[in-house]
Amino acid sequence: MLDLSHRRCCSGAGPGLGKSSRNICNVRDIVQRAPLQSPRWIQVQSASPSTAASTKAPEDKFIATTWGRFQQDAPQHDPSIAALHASSWSAIPTMRMPSTRNEEYRFTDISPLLKSTVVPAQNEVPVSSELVSSLVPEEAATTCAVVVNGVLRQELSNLSGLQKAHGAYVGGLAGAPKDVTAKLGQLSASRGGPFALLNGGAARDALVVSLPQGVAVETPLYVLHLTSAGAPGTTNSSAPRMLLHAGKGASCTLIEEFVGLNEDGTAAALEASPEQAQQPPYLCNNVAEMFLESKSQVTHSLASRDGPGGANFKSTFVSQARKSSYNLTEARLGGMLTRHDLCVVQEGMLTETNMRHFVLAGANQLHDLHTQLHLDHPEGQADQLHKCIVTSPTGRGVFDGNVRVNQKAQRTDAGQLSRNLLLAPKATVNVKPNLMIIADDVKCTHGCAVSDLSEEELFYFRARGISAISARQALVASFGAEVTQRLSTKAVVERVRTDMLRTLATVDLVGLTNAREA
């Protein structure tokens with residue numbers, strides 16, 4: 001085992017990144033050829049719908065003071081969601097919320113959330129059809145589902161375009177195919193962390209996407225998640241849940257967009273708060289489970305544009321069968337505290353996984369990305385690109401990427417690259433690319449770069465009469481565009497671009513340029 005760990009001010013290396021001695025980073029590269037058990041917070045045992053919730057008092061103070069509200073609020077009418085609740089409630093009393101003393105949350109401080117008064121978000125929040133129309137992409141006008149505080153709102157959704165896809169189903173648990181709903185909770189129970197478990201106990205329903213064998217949905221399926229802020233002094237908590245099953249040879253494009261709501265039902269603007277918020281106005285704790293059968297294809301776009309001070313914890317679990325393809329592109333820019341736990345398992349040979357991530361952390365923002373990719377069969381392909389920009393001394397980006405190539409995954413081609421751009425003194429990024437190789441006939445690469453813009457690229461612009469400030473603006477904007485331009489619709493790409501430029505406008509490029517030239 002080779003373990004290289006260091007904490008230092010990085011000089012950086014890699015395409016498009018030059019030297020910087022003022023920014024703080026922590027980089028830890030691990031390459032090892034030995035089995036490693038993935039950390040698990042708790043083992044969730046399956047339970048039947050009739051299993052009663054545990055009467056044992058929770059050991060954790062945060063759970064003890066808030067969980068009773070969610071048990072009273074959760075519905076019991078649907079057998080599928082009742083079984084999920086029972087299995088979660090039986091395990092939650094013995095669970096403890098993570099802190100910075102836990103390795104997986106070492107750089108992610110969730111104490112502002114734990115100090116909050118968390119209450120269940122209400123279903124009947126007024127949302128105007130004009131707001132929905134302004135956000136739904138034109139190409140998805142007849143294939144859009146609107147989820148408000150974790151519950152599908154039929155009157156705001158339009159799924160009439162799915163009639164052309166014979167047998168496809170998008171809706172709640174009540175009308176979904178029983179063989180699909182039986183899969184609810186299978187992946188999160190075995191691979192999920194503490195927030196996935198909390199979602200299982202608080203979810204009111206689940207959005208089910210079921211594609212029968214051979215069905216190809218030509219138009220993108222757009223899912224708009226709206227979360228409302230709580231009353232002053234409280235944190236509204238919602239638990240959206242999605243279950244996607246793509247049958248053999250089926251294909252679709254899925255777009256998820258997360259937007260915060262003001263008290264009047266309008267979309268919250270993505271403007272960083274000048275001061276650290278005492279507590280988040282809302283918590284969107286969402287889970288997605290995806291089952292891809294043989295030769296199926298799913299293109300997944302994710303845009304997290306949460307309002308100021310919001311908290312968004314997302315868990316995505318993907319199971320890929322033989323010759324299936326999963327392509328993820330995500331951009332996260334809003335909120336005060338966000339985290340995405342992504343776990344993908346290739347469970348068949350000739351499987352393809354591509355992941356693209358862009359994270360922009362401004363003032364008082366913390367964005368965390370933890371990924372696990374398990375390759376268990378021959379001739380699998382995997383490619384991951386993570387790009388992060390931190391624009392403020394009070395901003396932080398976190399990336400922990402774990403790629404495991406097991407013994408049977410011979411002739412695997414896997415690559416992982418993390419590139420991070422720090423645009424302010426004391427801006428912080430904590431990066432840990434992690435490649436574990438047990439197979440011996442593979443082609444695997446990974447790398448990491450943390451720095452400022454490269455001198456060569458700046459010189460290229462200056463030599464053509466372009467000012468240093470204009471050159472920096474162009475280079476920083478194009479740094480994230482490599483990922484964001486892959487989002488599935490022009491409307492979402494443009495909104496993310498506008499949000500990115502708004503945040504970058506707060507950066508003192510003049511001061512950075514003068515300091516660099518001094």
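Any value given below was found using the heavy atoms of this structure, including those in side chains, with hydrogens, waters and symmetry copies removed. Values in this document were obtained by computation on a predicted structure and should not be read as measured data. FYI, the numbering just counts along the sequence from 1.
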Practice task
Evaluate side-chain hydrogen bond (donor to acceptor under 3.5 Å, both in side chains) for S188 paired with R241, printing each intermediate quantity in order.
Solution key: CA-CA 11 Å; S188 61; R241 195 167 187 109; 2.7 Å; yes
Indicate whether the side chain of [X] and that of [Y] have a donor and an acceptor atom separated by less than 3.5 Å.
| X | Y | value |
| --- | --- | --- |
| N236 | S228 | yes |
| H377 | Q346 | no |
| E347 | H374 | no |
| N149 | Y282 | no |
| E257 | H225 | no |
| H245 | S210 | no |
| N312 | D306 | yes |
| T428 | R396 | no |
| T329 | N327 | no |
| D368 | T108 | yes |
| Q320 | T353 | yes |
| Q297 | S324 | no |
| Y326 | E352 | no |
| T484 | R356 | no |

Handout entry: Within 45° cone and under 6.0 Å: R486 NZ/CZ vs F358 ring
Key =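 Checked: cation-pi criterion not met.
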Handout entry: Cationic tip of K432 above F399 ring, under 6.0 Å, 45° of axis
Key =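 Not satisfied by the 6.0 Å and 45° rule.
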Handout entry: Identified side-chain contact (heavy atoms from CB on, under 4.5 Å) partner of F258 from the options T227, N286, L226
Key =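 So the option named by the test is N286.
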Exercise for the section: Check whether more than 12 heavy atoms from other residues, nucleotides or ligands sit under 6.0 Å from atom CD of E138, and answer yes or no. Expected result: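 Atom CD in E138 is not crowded, with 12 or fewer foreign heavy atoms closer than 6.0 Å.
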Exercise for the section: May I ask you to decide if the ring planes of Y105 and F195 are parallel, tilted or perpendicular, using 30° and 60° as cut-offs? Expected result: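 Because their plane-to-plane angle lies in the 30° to 60° range, the rings of Y105 and F195 count as tilted.
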Practice task
May I ask you to decide if the ring planes of H357 and H386 are parallel, tilted or perpendicular, using 30° and 60° as cut-offs?
Solution key: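 Taking H386 first and then H357, their aromatic rings sit tilted (interplane angle of 30° to 60°).
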Practice task
Go through the steps to decide whether E289 and K183 satisfy the test salt bridge (charged side-chain N to carboxylate O under 4.0 Å, His left out), and finish with yes or no.
Solution key: CA-CA 9 Å; E289 295 176 290; K183 299 178 181 292; over 6 Å; no
Exercise for the section: Could you please spell out the steps behind the salt bridge (charged side-chain N to carboxylate O under 4.0 Å, His left out) verdict for E139 and K490? Expected result: CA-CA 9 Å; E139 53 267 52; K490 293 181 179 180; over 6 Å; no
Exercise for the section: Apply the test salt bridge (charged side-chain N to carboxylate O under 4.0 Å, His left out) to residues D499 and R497: give CA-CA distance (whole Å), side-chain angles for both, the deciding distance (0.1 Å), then the verdict. Expected result: CA-CA 5 Å; D499 295 338; R497 178 178 178 274; over 6 Å; no
Exercise for the section: First locate atom CG of N354, then atom OG of S325, and finally report the distance between them rounded to the nearest 0.5 Å. Expected result: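 With rounding to 0.5 Å, CG (N354) is 6.5 Å from OG (S325).
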